[in-house]
2 protein chains.
Amino acid sequence: MPVTMSDVARAAGVSVMTVSNVLAGRKRVGEETRRRVLAAVDDLGYELNLTARHLRAGRTDTVALVVPRFDHPYFGELAARLARRLDRSGRHLVVEQSGASREGELEALTLARLHLYDGVLLSVVGMTPDDVARLRTTVPVVLLGEQDMPDRFDQVRMDNVEGARLATAHLLATGARRIAAVGGSTSGRGMTMVRTLGWRRAHEESGLPIDDALVVPCDVDLAGGRRAIRQLVAEGTPFDAVFAFTDTLATGVLAGLAEAGLRVPDDVQVVGFDNLDSSEFLVPGLTTVDPGHEAMADHALRLLDRLIDRAPDGDRGTAVVPEHVTGPVSLVVRGTTRPAA
Amino acid sequence: MPVTMSDVARAAGVSVMTVSNVLAGRKRVGEETRRRVLAAVDDLGYELNLTARHLRAGRTDTVALVVPRFDHPYFGELAARLARRLDRSGRHLVVEQSGASREGELEALTLARLHLYDGVLLSVVGMTPDDVARLRTTVPVVLLGEQDMPDRFDQVRMDNVEGARLATAHLLATGARRIAAVGGSTSGRGMTMVRTLGWRRAHEESGLPIDDALVVPCDVDLAGGRRAIRQLVAEGTPFDAVFAFTDTLATGVLAGLAEAGLRVPDDVQVVGFDNLDSSEFLVPGLTTVDPGHEAMADHALRLLDRLIDRAPDGDRGTAVVPEHVTGPVSLVVRGTTRPAA
DNA sequence: CTGTTAGCGCGTTCAG
DNA sequence: CTGAACGCGCTAACAG
């Protein structure tokens, strides 16, 4: 039987409300009363029940970030940035995993869970635009992800085409002629498609031919990058550079190249995408596309807060027009590419 | 004004309880009634309020993992492993950050938040044993962390001394004679101290002298590892190997060594600790201590579930005796060390 | 198989 | 500045 507020009130000889006021630091409470209450709290080992407070207050001062996987550094870094901002406004961030392991049935459950938070930043990777369109929720939601989603929701993403174009153009400028697109796809959707598009565009702008044999689809993880290189080498497909679609892939690529006895950047140049914290520390340092992490975090929370502020009034009349924000990208040149010719 | 269960009940011409039963899939409900309820739910856009359910049910089927920082790969990987297990038993994992940014005042708030969960896995890094001893909570808590904590709580950790001894002994066996302990300390507490102890012990077992100039305290992050090497080089302290106290530190160390023109493993050998997913993919592959991640996750949840199961009865009589579990470690040999002489 | 009664623990009314 | 009622949305019990 847990200790409740009224237990404390009885012990301190005051009313429940007084206890509540003392604990929430709300109204002014007499110094002596206050001490009595705190003593009783300490004495009984009373612990505030946030669930009850949330039910009553209708808000939780907590925002959730839902990511596909916990063990992906990109999302860890994102979470840390968001948490820093939310802390500043006295709120909390909790991170949940949407999983790649759970089926559609769980989507419903996930949605129910969203109600535990004032707002949700939903990182969509696996879901299709159709899945998202089917989402029915009154919870403030901002989408994060590279695939264009239904415009009923706010969405923040990076300029993938431009980033991929920059990366590829840089490789072309430093003398590369056969650039493998690791993580690419000739038919897919989402991140994979838009970055492949940027890779194509850079080739077109240079008037260079495009060889689809250089597009290597793979799992977007460390092992995937390494396997992609193994495959290229096994096939005997010639290449003098790799544009890896994420820094994680690039890390796997570097391992694969080393394994194959190919030197970076002398034999093969490499560019990644994401500018993870660790990319600077690889040997050699990874040239990569920086998606403007801080700006993205700012946008995401701005859009979310817009929705949260509006929520109490209800939707009628003042409906917020959803925005799709695309952040600018830039290239960070390090040691996996050669100086421009 | 959100749609509530009784709105749905009215619309469907049934009682609230029936709606509840349909939605929770609890008792059997007539097929037609069931359809009417679901139709009303869909019609009104009803969304379950989990907060209310939690308040009423007294549990949330959710476990929290509290980590020092979101952007630390070690914790991301830990979270993923825990989530996998909890999903299997139909529960959820949420991750919160304890922050290094928030002061002691927030400790209280953190404690209140713990009540939102059935149990909490608390990763302690910054807190001292005294801080922990002061924790007053009835929430099931299992501590994770390398510093020995008051035995009022369950705790899971790795065999740090043995891991550090293994790492150092391996370096000695492969010919190293001056092994820098990056992340070490001659006076600290916690992880830093126990791993330094293992480093010492290996030296003692080999009868080799210990030079405290080789103990380099630093921030436990990527930049810290690099800075440690810069410092050693700047001081002119000779060293032919590095035992980095975490793989993240080791990654920074490798960057620092490259910067200084030192080859790995020819000029300097390196061993890390943690066996992160990415460590296998560094070039060269990082030799490191594997703390038996899976076993640790198993232990942590076993201890937590023991507490959760007991909770409903109250503590009297059946008090669970807290356990301190230390998991076995092993050495993973890769390219940053030379073959044994 | 469905409805009624009661209350989870807190906070927003209003009086005093 | 403090106290007493009522209700947030849901579900465990028991009726019917």
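Here is the naming used below: chain letters follow the sequence lines, and residue numbers restart at 1 for every chain.
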Side-chain contact, heavy-atom cut-off 4.5 Å: Thr62(B) with Asp118(B)? no
Student check: side-chain heavy atoms of Thr138(A) and Glu47(B) closer than 4.5 Å: yes
Atom-pair distance ([atom1] on [X]; [atom2] on [N]), nearest Å:
{"X": "Asn21(B)", "N": "dA12(D)", "atom1": "CG", "atom2": "P", "answer": "9 Å"}
{"X": "Arg10(A)", "N": "dA4(D)", "atom1": "CZ", "atom2": "P", "answer": "12 Å"}
{"X": "His54(A)", "N": "dC10(C)", "atom1": "NE2", "atom2": "P", "answer": "12 Å"}
{"X": "Arg36(A)", "N": "dG3(D)", "atom1": "CZ", "atom2": "C1'", "answer": "14 Å"}
{"X": "Leu50(A)", "N": "dG11(C)", "atom1": "CG", "atom2": "P", "answer": "9 Å"}
{"X": "Arg59(A)", "N": "dT12(C)", "atom1": "CZ", "atom2": "P", "answer": "9 Å"}
{"X": "Met5(B)", "N": "dC8(D)", "atom1": "CE", "atom2": "P", "answer": "15 Å"}
{"X": "Leu23(A)", "N": "dC10(C)", "atom1": "CG", "atom2": "P", "answer": "9 Å"}

Passes salt bridge (charged side-chain N to carboxylate O under 4.0 Å, His left out), Asp305(A) versus Arg85(A)? Steps please. CA-CA 12 Å; Asp305(A) 281 339; Arg85(A) 285 166 174 72; over 6 Å; no
Does Thr51(A) put a side-chain nitrogen or oxygen below 4.0 Å from OP1 or OP2 of dC10(C)? no
Below the 4.0 Å mark, does dG11(C) have OP1 or OP2 next to a side-chain nitrogen or oxygen of Ser20(A)? yes
Is there a donor N/O on one and an acceptor N/O on the other, under 3.5 Å, for the side chain of Arg53(B) and the base of dG9(D)? no
Side chain of [X] only, heavy atoms from C-beta on: which candidate in [options] is closest?
{"X": "Thr18(A)", "options": "dT2(D), dC10(C), dC10(D)", "value": "dT2(D)"}
{"X": "Thr33(A)", "options": "dT2(D), dT2(C), dC10(C)", "value": "dT2(D)"}
{"X": "Leu55(B)", "options": "dC8(C), dC10(C), dT2(C)", "value": "dC8(C)"}

Between Asp71(B) and Arg81(A), does any side-chain N to carboxylate O distance fall below 4.0 Å? no
Salt bridge check: are Arg302(A) and Glu323(A) linked by an N-O gap of less than 4.0 Å? yes
5' priority, DNA chain C, between Ser15(B) and Glu47(A) [closest heavy atom]: Ser15(B)
Which part of the nucleic acid does Met17(B) contact within heavy-atom distance under 4.0 Å: base, sugar-phosphate only, or nothing? base
Applying a 4.0 Å non-hydrogen cut-off, can you work out what Val16(A) is touching in the nucleic acid: base, sugar-phosphate, or nothing? nothing
